[in-house]
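This report refers to the structure that appears directly beneath it.
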Amino acid sequence: MRPALRSAVGRINRCILRCASLLVPRDQRADWRREWNAELWHMRRSSSPPSKQFSWKAEQAAAAFCLGAFQDAFCIRNIRRQNREIAPSQHGSAGECLCWLAGLLALSCILARVLPGVYMESHPSRYQINPGLILLQRDLFTDSSAASITGQQFLDLKASRQRGIDGLAFYRMTKETLSSGLHVKPKWAVAHANFNLFALLGGPESLAALSSESARGLSPVVLSDELWKREFGGNPKIVGSVVRVGQSAARVVGVLPRGSWRLPGGADAWLLQPDAEINRSSVGYVVAHTTRLGQAEMYGDRLHVDGFVADDPDADLWGVSFDERTRGPWTIFRFAIFLAFLALPAVTSVSLGESCFSSHRPSHIRNLYRWIFLSAKIVLLLSIAYFASLDLSYWNATGYSALSEYAQLASTFFICLFGMRWILLDQRERCPVCLRRVTHPAQVGQASRTFLAWNGTELMCTSGHTLLHVPGLPTSWFGTQRWMYLDTSWKFLFAGTGVG
Amino acid sequence: MASETKLSHTAAMILQAIDTGCVYGFSIMEMTGLPSGTVYPAMRRLERDELISSRWERQSIADAEQRPPRKYYKLTAAGRVTLEASRKRYPLLERMIPSPEARSV
C-alpha cells in the first residue's frame, strides 16, 4: 500500500511539473523540465526517511517544492516577454533600414524586368547600329524625331556628290493595315524604305543582303517583334508567307528582335522598295553614313551637309548623330547623379554631425560600421534611383523618345537629391554606437534663456548609449548637434527590471 | 553594469550561497532556507543579468553515480564584483551564510 501511495504522489508531483512546464516558452521547456525533474529527484532523496517508509511530511515538502515550479515558470515567461519588449528596439535599427531599401530596390528591379519599354532601354546591345550614322534634317534645331525631307530631296542628294557621306537611305512612315487575311485589321506604322537601309544600319546579314534583284516579284517586308506576336500570334512559319500591306501584297522575309535600332517613326514593319518606287512628294527620314572626313567635320553630334533643297534654297541640311539615341540610360544616369550631388548642399548640410560633448570617441570598428552602413545606403539609393527612374520614364514607352530621356534625367535627379538628403538626415540621427535611430525627442530649455543655458531638442538612444542634443537656436558656442555618450552609471535607466 | 547593480537581500543571499559552494538549486534552498518558488526565479534573473552562469553536468558522471544529471551554477566575474558590493551593503550576509574557510575557522 505504502509504495503504491508513494508512487501515486510521485506521479502527482511530476504532473505538477508538467503543468508548470506548459508556461515555459517551448524552446526552453525541455531543459527546464530536465532541471526540475533532477532537482525533484535529489530533493526527494534527501528529504525521505532513511527507511524509505512513506512520510506525509516528506511528500508535503516535495509537493511544496514542485508548486514553486509555477513561480519559476512564470519568471522565465516574464523574462522572455521583457526580451521581446526590448526587441522592438530593432525598430529603427540599421538592419531594418537596409531591409526597406533592399525591398524598394527589389520592387523597382522587378518592374524594370516586367515593363517592355524599360527592358528595351536597359539592354542597349539590342539596338546597336553601325557607327558613323547620322539622321538628316532640314534645320539645325528641328526635332530629329520629325520627318523633314521629301523623297525628291533624297534622290537629289543621292545623285549629287556629298562631302563626308558615303551612303544614304530613305524611309517614310505610313499607317496601313497588315494582315494575312481579308478581315479588317488595325493599322500599323509601316516604313517604306529603300533596299540599302538595312545594310546601312547594320541589320541581320540576310536582310542586309536583300536587293531589288534578289526580291523579284513581291516586295519584301520585315516585321517588328511586337507586330509579329500581336498580329500573327508569334507564328514561327511566318517567314516566306505573303501578307497584305495596305492594298499591295508583300512577302515576309524576317522578324526583327525586340528593341532593334531606335529610328524615329517607331515602325512596326519595314516594306523594302526600290528607289524607283519612292514617293517623291512624301516626307520621310534620310539616314546617312559618314566617312572619316565627315566625322572630323562634325560639330559635337551634328554635321552640316552640303545639299541643295529645291523648294527652299536657303535651307540648311544637318545630320544628327545616332549616338544620342543609342547611348542607353547609363550616361543620363551618371549626369543626373552629378547634378544631384552638386545641388545637395543647397537642400541640406553635408555634415554627419559627429561632434560630441566629451573626448569620448566610438571605437574604430564602430566607426567602420557607420561608414559601411552609410555606403550601403548610398549604393542602394543609387540602384533604386537607376531602376525607379527607368520605371517612371519608360513605363508606357515602347521605344526611344526624347521625352522619356528628360523624364529619366529629372526623376534620377530628384530621387538622388532627396534620397541623399534623407540619408544624411538619417545618418545624423543614428546612435554612433548601435546605429539605431535616436527617439523620444524632448524639448529642453527655453528660447528666452539661450544665453544662459542651451535650449533645443534632446533625443536618446533606446539602448542607452547616447543622448543627442540638437540646438533650437544655433549659437557660436553650440551651433551643431552634439552627442553625449552615456557611461555605465546610466545603464539602470535602460535595463528594464532590476535584479532580485 | 555589475558594479553598479544593487541586489535585493534575497538575491545577495543566493549569490553568497553559490559562492560558498552550493552550486545547484536545491542546495541553495537548503542553505538559505528559501522556498523553491523564490530561489529558482531569483537564479533565472541573476543568470539573465550575467551574474551567474549555468552548465549541465556530464551525463557520464551522473550515470556512474546512478542519478539524473544536475545543472550547476557558478558566479561570473561580474557576479563576484556584485557580491563584494552586496557584502558591504549587507554586513550580516557572511555571518548568515559563512564561507567554508570561515566555517573551518
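Chain identifiers are assigned alphabetically (A, B, ...) following the order of the sequence lines, protein sequences preceding nucleic acid strands; residue numbering begins at 1 within each chain.
Using cut-offs of 30° and 60° for the angle between ring planes, the B/F26 and A/F65 rings count as perpendicular.
Using modelled atom types, one finds no donor on one side chain facing an acceptor on the other under 3.5 Å when comparing A/E35 with B/Y40.
Contacts of B/D63 classified as side chain to side chain donor-acceptor pair (under 3.5 Å), with partners at least two apart in sequence or in another chain: B/Q59. Remark: B/E57 engages B/R67 in a salt bridge (Lys or Arg N to Asp or Glu O under 4.0 Å) (not counting sequence neighbours). Remark: B/Q66 engages no residue in a side chain to side chain donor-acceptor pair (under 3.5 Å) (not counting sequence neighbours).
Within residues 21-34 of chain A, the residues having any heavy atom closer than 4.5 Å to a heavy atom of chain B are A/D31, A/W32, A/R34, listed by residue number.
Distance CG/A/N78 to CZ/B/R44: 13.0 Å, rounded to 0.5 Å. Once rounded to the nearest 0.5 Å, the distance linking CZ of B/R48 with SG of A/C75 reads 7.5 Å. One distance of note links CE of A/M43 with CE of B/M29; it measures 6.0 Å at 0.5 Å rounding.
Dense packing is recorded around CD of A/Q443, with more than 12 heavy atoms of other residues, nucleotides or ligands lying under 6.0 Å away. Sparse packing is recorded around CZ of A/R77, with 12 or fewer heavy atoms of other residues, nucleotides or ligands lying under 6.0 Å away. Environment of CH2 in A/W100: sparse, with no more than 12 heavy atoms of neighbouring residues, nucleotides or ligands closer than 6.0 Å.
For chain B, no part of A/A73 is nearby; none of its heavy atoms comes within less than 4.5 Å.
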Q) Would B/E65 and A/R45 satisfy salt bridge (charged side-chain N to carboxylate O under 4.0 Å, His left out), going step by step from the backbone distance to the final call? A) CA-CA 13 Å; B/E65 295 179 16; A/R45 195 175 177 203; over 6 Å; no
